[in-house]
Chemist: 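Structure incoming, see below.
Chain letters run A, B, ... following the sequence lines, proteins first, then strands; residues in each count from 1.
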Protein chains: 2
Amino acid sequence: MSREIDRRAARTRKALHQALLTLMLRKGYEALSVQDIIDEADVGRSTFYAHYTGKEDLLRSGFQMLREELKEAQSTARAGAKASHDDPLGFSTAMFEHAARYADHYRTMIGGRGGAVTENEIRLILSEMVRQDLSSSLHDDTIPRDFVVQFIVSAFLTALNWWFERKPKLSPSQVDAMFRSLVLDGLSPLMGDESRSSAD
Amino acid sequence: MSREIDRRAARTRKALHQALLTLMLRKGYEALSVQDIIDEADVGRSTFYAHYTGKEDLLRSGFQMLREELKEAQSTARAGAKASHDDPLGFSTAMFEHAARYADHYRTMIGGRGGAVTENEIRLILSEMVRQDLSSSLHDDTIPRDFVVQFIVSAFLTALNWWFERKPKLSPSQVDAMFRSLVLDGLSPLMGDESRSSAD
DNA sequence: TATGATAATGGACACCCTGTCCGGGATTTT
DNA sequence: AAAATCCCGGACAGGGTGTCCATTATCATA
């Protein structure tokens with residue numbers, strides 16, 4: 001019995017995913033046509049449609065893998081961390097490190113290159129993580145919880161994007177520190193401590 | 001003298017902008033074709049291309065108007081505000097009010113409906129505002145300035161989006177308060193105040 | 001109001017992309 | 001080796017894109 005997928009099929013799928021990745025990095029998702037993809041992957045047109053219903057389907061299928069990949073990265077990281085129960089940003093450290101390891105992949109996803117679908121998928125995945133971290137550490141609902149979640153997710157994506165685009169040499173922990181500082185304590189710590197200038 | 005633009009041209013342009021707005025709200029920018037636009041605007045195909053090079057051109061031209069619109073809204077607001085020089089988020093109050101007044105316009109721009117172009121344009125406009133506010137109130141560069149700017153812009157867009165999508169009944173000042181709280185002081189104020197458990 | 005200037009129209013055009021359908025050829029599995 | 005499965009290449013209609021042009025409608029002005 002062939003429970004495993006046919007080698008050829010697996011090969012084709014891999015080629016398509018790889019092509020998508022390459023092309024997204026080069027031109028961005030929206031500007032991509034199925035034609036481009038099968039061209040890059042060197043795969044027949046009908047073959048493509050035998051596997052996926054379109055480029056969005058191909059893209060989405062990639063996120064299934066990412067989801068599991070991340071779920072594991074999170075739990076392995078959580079094993080080594082101690083203060084995870086009081087940390088409303090418990091996900092961040094592992095995520096920044098994961099992003100550093102798979103920089104190319106992340107580069108294709110953030111900064112608009114991934115299009116709306118990618119943006120949504122990522123936000124969903126991250127929202128789930130953040131929601132969990134928050135549930136055990138946030139005890140004040142002055143500000144609605146889903147708003148806080150979105151706030152954190154956006155801040156994280158911003159950090160990621162800024163990191164890759166402007167200071168790719170920084171280490172994950174450095175970016176993580178900035179991210180945590182801003183999200184946990186906001187701008188106040190950065191404002192003039194020497195505010196004794198007794199404004200006019 | 002014909003310094004003014006021909007009535008017909010103005011009429012056409014207005015119709016196209018209106019059509020774009022309507023359709024973006026209905027289907028989103030990316031899913032839109034030039035065909036749809038000229039169809040909705042009841043304008044000939046060649047006429048469209050006589051004015052714009054494509055749908056992106058049309059979209060961008062709309063932001064020129066928005067830019068000036070906002071520049072004015074800001075300065076009028078700044079006239080009535082007193083503590084603008086110490087406020088790193090001086091732009092926000094006026095912006096939330098402006099957004100409330102032109103809810104339909106904003107709805108087409110945020111939440112992905114506007115596509116990548118819109119996202120970028122908005123971020124550019126907001127970044128400029130934030131940068132100005134920040135220049136006179138931020139005196140600590142522990143965290144790079146452009147990172148802080150992006151952080152604020154993202155937080156603002158998140159607030160805007162959450163507002164429209166989840167709690168449209170809230171007043172601008174209520175959302176503004178939440179936004180400021182999160183950005184200025186971060187999550188700490190929301191965490192267990194009963195944290196006097198003298199963490200071992 | 002007459003007239004030259006300018007804009008809008010509708011149709012035609014070649015081009016590209018999309019999905020879908022085959023039959024022949026290649027690879028894998030048994 | 002045989003049977004099953006997959007891939008290929010070509011063809012297809014349908015739709016969108018930009019561009020052209022000749023014709024018609026509208027405007028600005030003398």
Side-chain angles (χ1 to χ4, degrees), chain A residues 1-62 64-65 113-118, chain B residues 1-62 64-65 113-118:
Chain A
M1 310 249 145
S2 61
R3 263 258 229 68
E4 306 289 339
I5 309 166
D6 197 303
R7 280 194 210 159
R8 295 167 290 180
R11 218 180 110 80
T12 300
R13 287 206 180 90
K14 186 161 294 187
L16 287 173
H17 274 119
Q18 182 54 48
L20 178 64
L21 207 68
T22 304
L23 291 177
M24 277 176 69
L25 203 48
R26 193 187 303 157
K27 315 175 40 179
Y29 174 77
E30 299 289 356
L32 238 78
S33 64
V34 172
Q35 198 69 39
D36 293 330
I37 301 174
I38 65 180
D39 199 56
E40 171 78 21
D42 202 40
V43 155
R45 177 165 203 72
S46 4
T47 304
F48 176 92
Y49 285 106
H51 288 275
Y52 305 100
T53 70
K55 68 170 182 169
E56 182 169 330
D57 191 26
L58 172 60
L59 177 61
R60 281 191 197 280
S61 80
Q64 294 302 333
M65 304 191 272
R113 262 178 292 268
V117 175
T118 302
Chain B
M1 329 220 145
S2 61
R3 263 258 228 65
E4 307 288 341
I5 308 167
D6 197 304
R7 280 192 211 161
R8 296 167 290 179
R11 216 180 112 77
T12 300
R13 286 205 181 90
K14 185 161 296 187
L16 287 175
H17 273 119
Q18 181 55 48
L20 179 65
L21 206 68
T22 304
L23 291 177
M24 276 177 69
L25 202 48
R26 192 187 304 157
K27 316 175 38 179
Y29 174 77
E30 299 289 355
L32 240 82
S33 64
V34 172
Q35 198 69 38
D36 293 328
I37 301 174
I38 65 181
D39 199 56
E40 171 78 21
D42 201 41
V43 154
R45 178 168 201 70
S46 0
T47 305
F48 177 92
Y49 285 106
H51 287 275
Y52 305 100
T53 69
K55 67 170 182 169
E56 180 170 331
D57 191 26
L58 172 59
L59 177 61
R60 281 191 198 281
S61 80
Q64 294 301 334
M65 303 191 274
R113 262 178 292 268
V117 175
T118 301

Chemist: Less than 4.5 Å apart, any side-chain heavy atom of Val34(A) and any of Leu58(A)?
Modeler: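 In short, these two side chains do not touch, never coming nearer than 4.5 Å.
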Chemist: Output the distance between atom CG (Leu16(A)) and atom NE2 (His51(A)), rounded to the nearest 0.5 Å.
Modeler: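 It comes to 7.0 Å.
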Chemist: So, OP1 or OP2 of dT20(C): does either fall under 4.0 Å of a side-chain N or O from Tyr49(A)?
Modeler: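 Tyr49(A) to dT20(C) OP1/OP2: no side-chain N or O under 4.0 Å.
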Chemist: List in chain and number order the residues that pass side-chain hydrogen bond (donor to acceptor under 3.5 Å, both in side chains) with Ser61(A), two or more places apart in sequence or in another chain; answer none if no residue qualifies.
Modeler: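 Here the qualifying residues are His17(A).
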Chemist: Rounded off to whole Å, could you give me the CZ-to-P distance for the Arg11(B) and dT26(D) pair?
Modeler: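 Answer to the nearest Å: 10 Å.
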Chemist: Check the distance between dC7(D)'s C1' and Arg13(A)'s CZ and give it to me in whole angstrom.
Modeler: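 Atom CZ in Arg13(A) sits about 13 Å away from atom C1' in dC7(D).
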Chemist: Mind calculating the distance between CZ (Phe48(B)) and P (dA8(C)) to the nearest angstrom?
Modeler: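 About 13 Å, once rounded to whole Å.
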Chemist: Taking only N and O in the side chain of His51(A), is any of them less than 4.0 Å away from OP1 or OP2 of dC7(D)?
Modeler: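 Yes.
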Chemist: Under the salt bridge (charged side-chain N to carboxylate O under 4.0 Å, His left out) rule, collect the residues that match up with Lys27(A), sequence neighbours excluded.
Modeler: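 Partners of Lys27(A) by the salt bridge (charged side-chain N to carboxylate O under 4.0 Å, His left out) criterion, ordered by chain and then number, come out as Asp36(A).
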Chemist: Based on the rotation axes of five pairs at each end, what angle does the helix from dT1(C)-dA30(D) to dT30(C)-dA1(D) bend through, to 10°?
Modeler: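 End-to-end axis angle for the helix from dT1(C)-dA30(D) to dT30(C)-dA1(D): 30°, rounded to 10°.
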Chemist: Can you list, by residue number, the residues of residues 19-44 of chain A that have a non-hydrogen atom closer than 4.0 angstrom to DNA chain C?
Modeler: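 Contacting residues: Ser33(A), Val34(A), Gln35(A).
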Chemist: Kindly say whether, by distance alone, the side chain of Arg45(B) makes a donor-acceptor pair under 3.5 Å with the base of dG18(D)?
Modeler: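 Yes, the side chain and the base share a sub-3.5 Å donor-acceptor pair.
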Chemist: Would you tell me if any nitrogen or oxygen in the side chain of Thr47(B) comes within less than 4.0 Å of OP1 or OP2 on dT9(C)?
Modeler: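 True: Thr47(B) side-chain N/O within range (under 4.0 Å) of dT9(C) OP1/OP2.
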Chemist: Please evaluate the base of dG19(C) for a donor-acceptor partner in the side chain of Ser46(A) within a cut-off of under 3.5 Å?
Modeler: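 By the distance-only test, no, there is no pair.
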Chemist: Closest to the Ala9(B) side chain: dA7(C), dT19(D), dC21(C)?
Modeler: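 Nearest nucleotide to the side chain: dA7(C).
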Chemist: Return each pair, listed once, that meets salt bridge (charged side-chain N to carboxylate O under 4.0 Å, His left out) where at least one residue sits in residues 47-61 of chain B; pairs must be two or more places apart or across chains.
Modeler: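 Residue pairs with at least one partner in residues 47-61 of chain B: Glu56(B)-Arg60(B), Arg60(B)-Glu121(B).
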Chemist: Going by the rule salt bridge (charged side-chain N to carboxylate O under 4.0 Å, His left out), which residues pair with Arg113(A) if we only count those two or more places apart in sequence or in a different chain?
Modeler: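 Salt bridge (charged side-chain N to carboxylate O under 4.0 Å, His left out) list for Arg113(A), sorted by chain: Glu165(A).
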Chemist: Name every donor-acceptor pair, under 3.5 Å, that has one atom in a side chain of residues 38-50 of chain B and the other anywhere in the protein, sequence neighbours excluded.
Modeler:
unit_1   : atom_1 : unit_2   : atom_2 : d
Arg45(B) : NH1    : Gln35(B) : OE1    : 3.2

Chemist: Round to a whole Å and report the spacing from CZ of Arg7(A) to P of dT28(C).
Modeler: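 Atom CZ in Arg7(A) sits about 6 Å away from atom P in dT28(C).
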Chemist: What is the distance from CG of Leu58(B) to P of dT17(D), rounded to the nearest Å?
Modeler: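 Roughly 13 Å, once rounded to whole Å.
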Chemist: Under the salt bridge (charged side-chain N to carboxylate O under 4.0 Å, His left out) test, which residues partner Glu30(B), sequence neighbours left out?
Modeler: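 Listed in chain order: nothing, the list is empty.
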Chemist: So Arg8(A), base contact, sugar-phosphate only, or nothing? Heavy-atom distance under 4.0 Å.
Modeler: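 It contacts base atoms.
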Chemist: Restricting to salt bridge (charged side-chain N to carboxylate O under 4.0 Å, His left out), what partner residues turn up for Arg11(A), sequence neighbours left out?
Modeler: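 Partners of Arg11(A) under the salt bridge (charged side-chain N to carboxylate O under 4.0 Å, His left out) test: none.
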Chemist: Taking only the side-chain nitrogens and oxygens of Thr12(A), find out if one of them lies under 4.0 Å from OP1 or OP2 of dC7(D).
Modeler: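 So the side chain of Thr12(A) is within the cut-off, an N or O lying under 4.0 Å from OP1 or OP2 of dC7(D).
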Chemist: For Leu16(A) and dC6(D), what is the distance between atoms CG and P respectively, to the nearest whole Å?
Modeler: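 Computing the Leu16(A):CG to dC6(D):P distance gives 15 Å.
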